[in-house]
Amino acid sequence: MDEEESAKRLQGTPEPPDADGGSEAPDTPRDPGDSPEAAPPQEPPGDDPKPRGDRPADNADTPRGTEQPDEAEQPARPDRAKRADETARAQNNVNQYFYGALDAPGAIFGIGTADSANARRRAVGRLDAGEADAILAPYVEPDCFEEAVRALQQDGVVVLVGPPGTGKRSAAVALVAKVAEGTEYVVLSPGRSLEDLAGGRPVFEKGVGYVLIDRMNEAVGGTADFDWRRVRDTVREQGAHLVVTTVYQGEDDAPGSVRHMPWQPPDLTAVLRLRLVRAGCGQDTVEQAASLMPAGCRIAEVAAAAARIADGADPAGVWQEYGAAAAQPVRDWFDEPRSPQEWTEVTALAFVTGLGYRDFETCQERLEEHVAATFPVLAKDEETAEATRRDADRRLSLSRNSLVAVEERKDGALTRSALVFPHSQYRRWVLEELWSKRSTAYWDGVRDWLTELVATQPGLGLQLSVASGLALLTRPAFDEVAENYLHPWAAGAAGPAGQSTATLVLHCMCLDEGLAATALSVARGWARSPDPELSSTATAAFSGALGVCFPTDAVKALLHRTLRRFDDQALEAMVALAGLVVVLMECDQDAGAVLRPLAYRLKDEGGKLTAHQKDRTLDAALIVVARHTRTGRMVCAALPARDPRQADPIGELWAGLLANRPYRRRVLLCLHLTLRDLSAGTDEPEQTAERLGRSLGAALPPDERPLLGPSLRQVVGRFDEAAAPLIDIFLDAVLSTED
């Protein structure tokens with residue numbers, strides 16, 4: 001680390017170890033100070049309230065952040081605490097509904113896979129053996145592959161440039177697998193700047209292959225070649241290899257120090273054949289599928305089709321849904337003259353799909369009011385437009401529309417009719433056609449209609465439908481979505497429901513690996529905004545799907561927001577950190593991505609935290625380990641039972657909390673509740689208690705271990721029959737820890 005970087009770090013707060021490595025920690029221990037994230041900017045002098053580090057020890061009987069008794073049984077709480085509870089419930093509802101109700105057939109998730117379970121997986125971090133094999137085993141090298149191999153061998157860094165759908169993601173992993181000495185591969189966050197990479201963030205390891213997918217476009221002020229040269233030299237010096245993918249940099253103006261290669265997709269027929277053969281399909285099936293494959297397919301579509309054919313689907317039927325020909329029925333519909341009513345039918349269905357007749361017709365009628373002025377037949381006067389809307393036989397018109405279908409859906413013992421597209425893929429193509437064929441005035445009407453709809457008819461089902469439609473619209477019209485929906489709604493233009501809908505749009509974008517980096521860029525911009533509403537919406541976004549995809553970026557943004565001047569903003573970020581832990585746990589991802597940075601800050605090696613920063617970090621850690629408002633469980637009781645690997649970061653976090661004497665009683669009470677909760681959360685509470693005890697013992701200084709038992713028993717007070725055996729096992733494990 002150079003002197004300039006050292007000086008910067010000494011002036012700022014200590015940062016947590018780099019989390020891009022995901023849940024798989026390296027075998028060789030590192031000094032956490034060698035791999036920090038870039039330090040967040042400090043608040044201006046005088047912004048922080050009076051430090052609370054000197055306040056007397058809190059003797060309350062319930063840890064902060066834990067679930068309280070009924071409102072009537074507890075004293076009045078500050079408004080900011082109530083707001084935090086409301087925020088937690090709102091964030092939890094959005095995240096729970098998103099993961100519980102999401103239906104996204106055909107969406108491509110994760111890095112190079114088409115498995116819907118990857119909607120709940122990180123997009124960064126170390127690739128385990130299964131993930132790497134899923135990418136490399138069916139990989140087909142394009143003609144430009146060997147040229148990229150030579151550039152990577154020579155420089156240690158290569159940049160793949162091309163539009164989405166050309167296979168850059170899989171190619172990046174295949175390249176480092178071919179060139180790197182080891183078999184470890186790390187996916188870096190697209191938010192990494194050239195300055196980060198050149199400065200050794202992350203710390204590049206010898207023999208490891210790194211890929212940075214969808215690098216964000218950053219203003220480099222004419223220093224691109226110099227910055228890339230520094231990145232190249234840093235990677236070379238460490239004996240690593242780095243492949244970057246992007247859509248921004250063309251070959252003509254690419255820096256000369258690092259090769260920027262235009263990327264081409266592989267032979268798609270070869271991709272299809274390899275996948276089908278690996279799946280065990282017979283030669284006849286392989287040949288039939290290859291002969292029927294239509295033109296215009298993307299690699300992801302070929303992979304998805306191959307998976308369906310391998311599962312027994314008829315190739316002829318499968319291929320009707322992919323490639324250029326699959327969109328032809330939609331394009332044919334739009335090529336015919338259409339009435340204003342037909343235009344609004346398909347527009348409304350693109351955003352509020354799945355409604356029943358009555359609700360859909362009401363939405364369509366409101367849309368017609370907003371766009372009437374764009375149709376000459378309706379623009380003459382309001383009376384004519386109103387008469388047209390009143391006299392329209394909407395249900396008959398819908399039955400004649402070839403882009404509208406009726407799906408019978410089971411609702412308990414009942415069945416209800418839902419208006420949908422005949423094929424789910426039609427929705428994307430309808431939006432593309434609408435964008436290319438309707439004027440700005442029409443889209444202004446759509447914007448006003450959706451804003452009114454979200455603000456006046458809140459409901460998570462409708463919000464998710466609108467959000468998924470807007471996420472699809474970002475492909476042909478990102479600026480339209482960002483400027484007319486995302487930014488205004490996130491800033492409160494459509495009320496709280498608009499803010500949660502903006503959050504859901506980013507969540508939906510995370511399901512498309514080509515849009516996830518864009519969603520991250522949008523949320524980072526909101527988080528940096530001085531507008532409290534925008535930064536609040538960013539906080540909510542980082543506590544859900546966006547945080548699952550990019551945990552390093554989410555934790556960094558949320559930790560920085562805990563240092564905000566205003567207590568309610570800081571508390572909101574603390575609640576979001578706790579929510580992110582639960583979401584990561586429920587998605588079977590590494591919750592240590594939150595716990596480890598908090599534990600690192602609590603250590604405060606070198607005493608770099610101010611009293612205010614340390615106090616806020618302690619508050620955040622207490623809320624994270626407390627009882628979660630949605631699950632009703634102590635987080636540290638549920639985590640190790642679900643994933644034993646989480647015991648170590650939990651132990652480090654508890655050790656950091658216990659080291660702060662003014663908080664010790666509150667921490668011990670929280671620890672007691674955690675041990676009590678083990679019996680409800682696992683069939684093996686004794687083993688879990690022992691595991692937690694060993695982890696905490698390893699993290700505590702040796703002279704602190706004997707003091708824990710008397711302190712914990714004093715706080716517990718009267719004999720707790722339910723928890724006593726687990727407390728004994730836990731304390732014995734703490735004392736038995738070897739240095």
Side-chain angles (χ1 to χ4, degrees), residues 83 86-98 101-102 344 347-356 358-374 382 385 389 419 431 434 438 440-474 477-509 519 522-523 525-526 529 531-541 543-544 568 572:
R83 176 174 175 179
E86 293 169 359
T87 300
R89 292 188 180 94
Q91 292 173 2
N92 291 333
N93 289 339
V94 168
N95 291 330
Q96 186 177 26
Y97 191 86
F98 178 78
L102 179 65
T344 56
T347 303
L349 191 59
F351 292 104
V352 293
T353 185
L355 294 183
R358 180 178 292 275
D359 289 339
F360 181 84
E361 290 168 4
T362 300
C363 288
Q364 182 191 350
E365 185 172 353
R366 293 294 296 143
L367 171 61
E368 288 174 356
E369 294 177 17
H370 286 285
V371 300
T374 66
E382 178 57 31
R389 288 192 292 272
L419 296 174
L431 285 164
L434 283 169
R438 298 310 305 175
T440 296
Y442 185 86
W443 281 102
D444 285 346
V446 173
R447 175 200 60 202
D448 296 342
W449 167 66
L450 285 175
T451 301
E452 177 188 89
L453 186 66
V454 167
T456 59
Q457 298 186 34
L460 285 172
L462 183 141
Q463 290 176 36
L464 181 57
S465 180
V466 171
S468 57
L470 289 173
L472 288 171
L473 185 59
T474 58
F478 172 74
D479 288 345
E480 172 74 9
V481 175
E483 295 170 8
N484 290 282
Y485 302 94
L486 284 177
H487 189 88
W489 290 3
Q499 290 178 288
S500 58
T501 305
T503 296
L504 283 171
V505 174
L506 299 191
H507 286 3
C508 291
M509 291 172 68
V522 170
W526 293 348
S529 171
D531 184 336
E533 297 297 336
L534 280 176
S535 59
S536 177
T537 306
T539 295
S543 71
D568 58 343
E572 197 173 54

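FYI, the numbering just counts along the sequence from 1. Here the structure is a predicted model, which is why all the values come from computation and not from measurement.
Between H487 atom NE2 and W526 atom CH2 the span is 9.0 Å, to the nearest 0.5 Å. In this structure, OH in Y442 is found 6.0 Å from CG in L434, a value given to the nearest 0.5 Å. Atoms CG and CG, from L450 and L470 in turn, are 6.0 Å apart once rounded to the nearest 0.5 Å. The CG atom of L453 sits 10.0 Å away from atom CD of Q463, with the distance rounded to the nearest 0.5 Å. Taking CG from D359 and CD from Q364, the interatomic distance works out to 13.0 Å, rounded to the nearest 0.5 Å. Rounding to the nearest 0.5 Å gives a distance of 11.5 Å between OG of S468 and CG of L473.
For the pair S465 (side chain) and T353 (backbone), a donor-acceptor distance under 3.5 Å is present. With hydrogens and angles ignored, the 3.5 Å screen pairs a side-chain donor or acceptor of S500 with a backbone N or O of A497. Side chain of N484 to main chain of E480: a donor-acceptor pair is present (N/O by atom type, distance under 3.5 Å, no hydrogens or angles). Without hydrogens or angle criteria, W449 side chain to C363 main chain gives a donor-acceptor distance under 3.5 Å.
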Q. Hey, mind stepping through V446 and R438 against side-chain contact (heavy atoms from CB on, under 4.5 Å) and telling me if it holds?
A. CA-CA 11 Å; V446 173; R438 298 310 305 175; over 6 Å; no
Q | Verdict with reasoning, D448 to W443, per side-chain contact (heavy atoms from CB on, under 4.5 Å) | A | CA-CA 9 Å; D448 296 342; W443 281 102; over 6 Å; no
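Residues Q457 and L462 come closest through the heavy atom pair O-CD2, 4.0 Å. Residues A541 and T503 approach most closely at CA-CG2, 3.7 Å, considering heavy atoms. In plain terms, the two heavy atoms of T539 and E572 that are nearest each other are CG2-O, 3.7 Å. Here the closest heavy-atom approach between residue C508 and residue A467 is recorded as SG-C, 4.3 Å. Looking at every heavy atom in both residues, L367 comes nearest to T344 through CD2-O, 3.7 Å. Between L349 and L419, the shortest heavy-atom distance links the atoms CD1-O, 3.4 Å.
E452 has its side chain within reach of H370: a pair of non-hydrogen atoms, C-beta onward, lies under 4.5 Å apart. A 4.5 Å side-chain heavy-atom check between L472 and F351 finds every atom pair outside the cut-off.
Side chains of Y485 and T501: no donor on one and acceptor on the other come within 3.5 Å.
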